[in-house]
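Every chain is numbered from 1, with letters handed out A, B, ... down the list of sequences.
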There are 2 protein chains.
Amino acid sequence: MPKVKRKEPNEDAEASSGRQVNFGPLTDYLGYALRRAQMSAVAEFLEAFKEIDLRPTQFAVLTIISENPGVRQTEVCDALGIQKANFVPLLNELERRGLALRKSVAADRRSSALHLTPLGNVTLQRARTIHEAYEQRFVTRLGRRGRDQLLALLNKVMEAG
Amino acid sequence: MPKVKRKEPNEDAEASSGRQVNFGPLTDYLGYALRRAQMSAVAEFLEAFKEIDLRPTQFAVLTIISENPGVRQTEVCDALGIQKANFVPLLNELERRGLALRKSVAADRRSSALHLTPLGNVTLQRARTIHEAYEQRFVTRLGRRGRDQLLALLNKVMEAG
DNA sequence: ATATAACCGTTGTAGGGAATAACAATTGGC
DNA sequence: GCCAATTGTTATTCCCTACAACGGTTATAT
């Protein structure tokens, strides 16, 4: 069976389908807006961080380790809401790329102390620069005041969750 | 050189890990707040909709079909930002549960018109009742004004994404 | 001191969600 | 009729999340 690729035409990307879809009450659902906004934000994050190949969770982990040198894996997991089982391959990847490393600790041979490598520190600095521009996009769209309001409201959403 | 850290017995359920983790600049990252808020909202949604076993995407699909009887699959996908390939098993499940169905259309034998079954309509009504209580939780935490502000800000986030 | 419980990191497994490539069947433009 | 485009489908991949269980280690209790 020969496999042929036939996908390229149609430069006009949008509005190809004829009918307009009525969203009904969906446009007033906070959960739906939250989902769409988050998907959009993640997509922009990936685009912005493509050059250093960092995903949001990786950026968060590097930040936590940087702020808490020697922190244990379980502590990072608790802080970020990550399952410790899922944290293992995540940290493995950061170690493989030479950004972070596990240091065995004499006091407790079960746990390992996490540190950033020099390359990890450099990468994090670069990431922070990229992130500033990334955050700036929100300020552009919402205004400084709107952006701060959004941050405060999002934090309130999680209260007593 | 950090030295030994004593671990107290675990009287309380929370705060089991000894050390306090410093979040650094993370608490001022809008993307991070967005991610945590969305995860929290989804968890609450699943909890609230457990009794009728509906996930957010399924609820959205039922809503769109209800508002647009006879809508085609591609139209629903475009509206909700779902890949048409991923929509197939999603709709299969709704059909299997007797909530929605594909009706072949004479005018175009490629496409199928989507409709809710009577059970689908009943389920959607039940879902809307549950959703009202779900949304009310946001109003309780943010106030009516805060909730409306949040909705508006989230919609602005997606502008020109 | 020894048994028991708790903890840390790890492995394995499972599922949802999203993305891409490819395909058959069908429709429409030229 | 030929070729391009569309509709729905299958298959595959990847990321993220969740849960159960384990070996090794440490702490607690008797």
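For the pair Lys84(B) NZ and dA25(C) P, the computed distance is 16 Å after rounding to whole Å. Rounded to whole angstrom, the span from the CG atom of Leu94(A) across to the P atom of dG9(C) amounts to 15 Å. Rounded to whole angstrom, the span from the NZ atom of Lys103(B) across to the C1' atom of dG8(D) amounts to 18 Å. The distance from atom CZ of Phe87(B) to atom C1' of dT10(D) is 16 Å, rounded to the nearest whole Å. Rounded to an integer number of Å, the gap from CG of Asn92(A) to P of dT10(C) is 7 Å. Rounded to whole Å, atom C1' of dT6(D) lies 12 Å from atom CD of Glu75(B). What separates CG of Leu46(B) from C1' of dG16(C) is a distance of 10 Å, to the nearest Å. Whole-Å rounding puts the Arg109(A) CZ to dT10(C) C1' distance at 17 Å.
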If you restrict it to nitrogen or oxygen atoms, what contacts under 3.5 Å exist between nucleotides 16-19 of chain D and the protein, and what is each distance?
unit_1	atom_1	unit_2	atom_2	d
dC16(D)	OP2	Arg55(A)	NH1	3.2
dT17(D)	OP1	Arg35(B)	NH2	3.4
dA18(D)	N7	Asn86(A)	OD1	3.1
dA18(D)	N7	Asn86(A)	ND2	3.1
dA18(D)	N6	Asn86(A)	OD1	3.1

Show the distances under 3.5 angstrom between N or O atoms of the protein and N or O atoms of nucleotides 28-30 of chain C.
none

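Among residues at least two apart or in separate chains, there is no ring-ring contact (aromatic ring centres under 6.0 Å, His included) pair with a member in residues 80-120 of chain A.
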Expected list for residues 46-65 of chain A: side-chain donor-acceptor pairs under 3.5 angstrom, two or more places apart:
unit_1	atom_1	unit_2	atom_2	d
Glu47(A)	OE1	Lys50(A)	NZ	3.4
Glu51(A)	OE1	Arg126(A)	NH2	3.0
Glu51(A)	OE2	Arg126(A)	NH2	3.4
Gln58(A)	OE1	Arg55(A)	N	2.9
Thr63(A)	OG1	Phe59(A)	O	2.9

List, one per line, each side-chain donor-acceptor pair under 3.5 Å for residues 23-32 of chain A, sequence neighbours excluded.
unit_1	atom_1	unit_2	atom_2	d
Asp28(A)	OD1	Arg147(B)	NH2	3.1
Tyr32(A)	OH	Arg36(A)	NH1	2.5

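Residues forming a side chain to side chain donor-acceptor pair (under 3.5 Å) with Asn68(B) (at least two apart in sequence, or on another chain): none. Scored by the side chain to side chain contact (heavy atoms under 4.5 Å, CB included) test, Asp148(B) finds Arg144(B) as partners (sequence neighbours excluded). With sequence neighbours excluded, the residues satisfying side chain to side chain contact (heavy atoms under 4.5 Å, CB included) with Thr117(B) are Leu101(B), Leu119(B). By the side chain to side chain contact (heavy atoms under 4.5 Å, CB included) test, Gln38(A) pairs with Val42(A), Leu34(B), Arg35(B), Gln38(B), sequence neighbours left out.
For the residue pair Asn92(B) and Arg102(B), a side-chain donor N or O sits within less than 3.5 Å of a side-chain acceptor on the partner.
Contact check, Gln73(A) against dT10(C): a side-chain N or O comes under 4.0 Å of OP1 or OP2. Proximity of Arg72(B) to the phosphate of dT7(D): a side-chain N or O atom is located under 4.0 Å from OP1 or OP2.
The shortest distance between side-chain heavy atoms of Gln73(A) and Ser112(A) falls below 4.5 Å.
With DNA chain C read from its 5' end, the first of the two nearest nucleotides for Asp108(B) and Arg102(A) is the one closest to Arg102(A).
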